[in-house]
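First the structure, in the form of structure tokens, and then the observations on it.
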Amino acid sequence: MNSGTGLVDLRSDTVTKPSAAMRRAMADAEVGDDLFGDDPTVNRLQEQVAGLTGKQAALYLPTGTLCNEIAMHVFARAGHLVVCEENAHAGEHEAASAALLSGIAFRHLRSAARGLLTAAQVDAALAPDPYDMAVVDLVTIENTHQVGGGTAAPLDDVRAIGKVCASHGVPLYLDGARIFNACAVTGATVTDYAAQADALMFCLSKGLGAPVGSVLAGDAAFIAEARRLKILCGAGWRQAGVLAAAGLVALAEGPPRLADDHANARRLAEGVAEIVPGAVDVAGVQTNIVFADVSGTGHPAADWAAALAGEGLLVTMVGGRVRMLTHRDVGPGDIGTALAAWRRAAAAFTAGG
Ligand SMILES: Cc1ncc(COP(=O)(O)O)c(C=O)c1O
């Protein structure tokens, strides 16, 4: 429950408050000026992530969006294309930043399975243009896929996509905002997934529970250029070690407890499916994201979101569906409270016609 408000907040897994250990680590953090590269806590986080991902270097950044935008800017030239799934965060949910910052256009691919792409689809998308007009500079994939419903991509599928990209000489970038959630489901490690891509990012501020921050990883030249772009974008934060300290705790505390979030999401999905039959693909809920398609109720998602908020449950709307994410600050009791809010909202709609 969102402390002090009496609300259950399932709008995102970004709404968590820092844990006690994070707050202690932040208070005690050794810091320096990160623009000069001498914040020891930021450096420790970056070294740890480089080790964890098996990449040469890593860069601590304020947001996952900035990681994605910087990565695309490094890999893709203005006027060229980036291949991604049609609902990918990097292509669709970053306020058209790629157009403004990098002059990039996207070649969108339609997923047949909850946001996942196949190697065959990517292969077809990278076929040379016989008229030499379209140039694809990068393929980006998302794992877990958010709008797909938190879908975890099997390691073999990611490996196959990596091989196809390599055969075309096109780099592969992994938006692994929730890669640890994927690992908790597939049993693969972050290193396994990272080995298939030229570069990747993950967010500390989502399921892992840190208040701020994401980390980009890749080879040394990629990270050197990314660091230049970070400063160019005005994100040369100074004593960022106060935040990185929480990120280090998140890396230690976060991954082992993600299975709890997934179990809570499954229970939530089952409960909503009973209250609004047909709204939730319960079997498809693999991680911490639950979508409810309420279109069959005769009331749009916006009305449900407002009704649920009135009953003490905060949700978001994505693509006309109600979206809910479980996270560290909601426990099994909160799932019961959330389902009670769904029941009351459904009863009010039934009574009101
Ligand atoms: C898959 C994915 N990538 C990137 C991001 C962007 O992360 P941030 O909110 O830190 O900018 C999000 C945010 O929800 C996301 O879901």
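First listed ligand is number 1; within each ligand, the first listed atom is number 1.
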### Lys/Arg N to Asp/Glu carboxylate O, Asp261 vs Arg257, below 4.0 Å
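Salt bridge flag = yes for Arg257 with Asp261.
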#### Entry: Hydrophobic cluster identity match, Val139 and Phe75, side-chain contacts under 4.5 Å
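No, because Val139 and Phe75 fall into different hydrophobic clusters, even though each may have its own neighbours under 4.5 Å.
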Would [X] and [Y] count as having a side-chain donor-acceptor pair, cut-off 3.5 Å?
X: Arg266; Y: Gln286; result: no
X: Arg323; Y: Thr316; result: yes
X: His80; Y: Asp137; result: yes

Quick one: table the atom pairs, ligand 1 N or O against protein N or O, below 3.5 Å, distance rounded to 0.1 Å.
unit_1, atom_1, unit_2, atom_2, d
ligand 1, 3 (N), Asp175, OD1, 3.1
ligand 1, 3 (N), Asp175, OD2, 2.7
ligand 1, 7 (O), Lys206, NZ, 2.7
ligand 1, 9 (O), Lys206, NZ, 3.4
ligand 1, 10 (O), Gly64, N, 2.8
ligand 1, 10 (O), Lys206, NZ, 3.3
ligand 1, 11 (O), Gly64, N, 3.4
ligand 1, 11 (O), Thr65, N, 2.9
ligand 1, 11 (O), Thr65, OG1, 2.6
ligand 1, 16 (O), Gln146, NE2, 3.2
ligand 1, 16 (O), Arg178, NH1, 2.9

### Query
Taking only residues at least two apart or on different chains, which pairs with a member in residues 38-65 satisfy ring pair (Phe, Tyr, Trp, His ring centres under 6.0 Å)?
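Those involving residues 38-65 are Tyr60-Trp237.
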